[in-house]
Amino acid sequence: MSDPYLVDSNVLISSHRVHYPFSTKMFHPFWQALEQAASDGMLLMLDVVYDELVPKQAPPNTWDMLTQWTEAVFRDRILSRKTDAVLAAYVEVQDYLVDCKCYQPSAVNQWSAESKADPWLIAAAKVHEAVIVTDEGTDKPTPKQPIKKEPKIPDVASSLGVRTCTTRQLLGDTSLFKAATYPIQPSF
């Protein structure tokens, strides 16, 4: 069995809003494959990501399709960040942000709120040996040129030995998605 995937909210949001809308029938297999991966324990969702996608304050009759789908698929499969191991890894992430000297204090502060999912994702992935699925880019900061803007998951994760992949790379995992050669038909 391959390592599980831990999904970042941006993957599901952009999939829903841009790439694979629920309203288009041809994209239903994408969502069904994610549902199966979640059911098989291969696609995990951290509680703080779940809270971003399923806001407690919003009544269910106001939820969009992504919120409804997230609640239906992950409600009973939420991975808690409130464990000693994840908390210790979270401290490691926060310490790295300060100690690496790649980020200015304003950047470090953007990851200091307890409700900020990104550092928790890295911590949980480290503990559970999961691959983070995120479509965030990288900045490749250096101590010689520390950045002011928010740290990027792939940069920090890589520095801490946590693997990441994009949605496209996730789709290439043949243990989750069936590979098939497209039958190109000549035009007549």
Side-chain angles (χ1 to χ4, degrees), residues 1-87 89-90 93 110-136 150 152-154 156-157 162-178:
M1 185 166 133
S2 62
D3 292 332
Y5 292 96
L6 191 57
V7 68
D8 185 12
S9 61
N10 76 352
V11 167
L12 299 177
I13 292 168
S14 64
S15 292
H16 162 59
R17 292 184 184 164
V18 180
H19 306 292
Y20 311 105
F22 287 103
S23 60
T24 305
K25 187 175 182 177
M26 69 184 286
F27 298 133
H28 291 182
F30 169 80
W31 295 101
Q32 291 162 346
L34 294 182
E35 291 166 14
Q36 186 62 53
S39 177
D40 294 344
M42 290 304 299
L43 186 66
L44 309 174
M45 182 172 287
L46 195 59
D47 53 3
V48 68
V49 172
Y50 181 86
D51 292 344
E52 286 179 2
L53 296 170
V54 183
K56 291 179 175 119
Q57 303 83 355
N61 65 342
T62 65
W63 291 353
D64 68 3
M65 283 296 297
L66 178 60
T67 302
Q68 293 174 46
W69 181 87
T70 302
E71 196 269 341
V73 173
F74 289 101
R75 171 186 55 237
D76 299 324
R77 297 183 179 104
I78 302 169
L79 188 63
S80 177
R81 71 183 185 275
K82 296 178 181 176
T83 68
D84 291 342
V86 174
L87 182 56
Y90 176 82
V93 171
Q110 291 184 55
W111 273 25
S112 63
E114 185 182 353
S115 62
K116 181 66 176 170
D118 297 6
W120 290 109
L121 274 169
I122 296 168
K126 190 170 184 66
V127 169
H128 296 283
E129 297 180 2
V131 178
I132 300 172
V133 185
T134 183
D135 286 330
E136 283 188 5
E150 180 177 345
K152 300 292 185 186
I153 291 172
V156 178
V162 173
R163 292 174 296 144
T164 62
C165 74
T166 63
T167 304
R168 178 65 190 98
Q169 291 166 323
L170 173 71
L171 293 173
D173 182 341
T174 56
S175 68
L176 297 179
F177 295 91
K178 292 180 181 158

Checklist entry - Within a reach of under 6.0 Å around CD of E129, are more than 12 heavy atoms found that belong to other residues, nucleotides or ligands? => result no

Checklist entry - Is there a donor in the side chain of W69 and an acceptor in the side chain of E35, or the other way round, less than 3.5 Å apart? => result yes

What are the two closest non-hydrogen atoms of [X] and [Y], and how far apart are they?
X: D3; Y: M42; answer: O-CE, 3.3 Å
X: P55; Y: T67; answer: CD-CG2, 4.3 Å
X: E71; Y: Y50; answer: CG-OH, 3.4 Å
X: P4; Y: H128; answer: CG-O, 4.1 Å
X: L170; Y: C165; answer: N-SG, 4.1 Å
X: M45; Y: V7; answer: CE-CG1, 3.9 Å

Within this structure, what is the [atom1]-[atom2] distance for the pair [X] and [Y], rounded to the nearest 0.5 Å?
X: L79; Y: L44; atom1: CG; atom2: CG; result: 6.0 Å
X: D51; Y: T70; atom1: CG; atom2: OG1; result: 11.5 Å
X: F22; Y: F30; atom1: CZ; atom2: CZ; result: 8.5 Å
X: L66; Y: S14; atom1: CG; atom2: OG; result: 10.0 Å
X: L12; Y: L43; atom1: CG; atom2: CG; result: 7.5 Å
X: I13; Y: L53; atom1: CD1; atom2: CG; result: 5.5 Å

Next on the checklist: Less than 4.0 angstrom from a charged side-chain N to a carboxylate O is my criterion; do K82 and D47 meet it?
Outcome noted: no

Checklist entry - Could you go step by step and tell me if V162 and L121 meet the side chain to side chain contact (heavy atoms under 4.5 Å, CB included) rule? => result CA-CA 10 Å; V162 173; L121 274 169; over 6 Å; no

Heavy-atom distance under 4.5 Å between the side chains of [X] and [Y], does that happen here?
X: E136; Y: D118; value: yes
X: Y5; Y: V11; value: no
X: S115; Y: E52; value: no

Next on the checklist: Using side chain to side chain contact (heavy atoms under 4.5 Å, CB included), reason through V49 and F74 one step at a time and then give a plain yes or no.
Outcome noted: CA-CA 11 Å; V49 172; F74 289 101; over 6 Å; no

Checklist entry - What class does the angle between the rings of Y20 and F27 fall in, given that below 30° is parallel, 30 to 60° is tilted and above 60° is perpendicular? => result perpendicular

Using modelled atom types only, decide if a donor and an acceptor are shared between the side chain of [X] and the backbone of [Y] within a distance under 3.5 Å.
X: W31; Y: H16; value: no
X: W63; Y: V54; value: no
X: D135; Y: N10; value: no

Checklist entry - Between H19 and T167, does a side chain to side chain contact (heavy atoms under 4.5 Å, CB included) hold up when you go through it step by step? => result CA-CA 10 Å; H19 306 292; T167 304; over 6 Å; no

Checklist entry - Under the side chain to side chain contact (heavy atoms under 4.5 Å, CB included) criterion, do V73 and L34 qualify, and how do the steps go? => result CA-CA 9 Å; V73 173; L34 294 182; over 6 Å; no

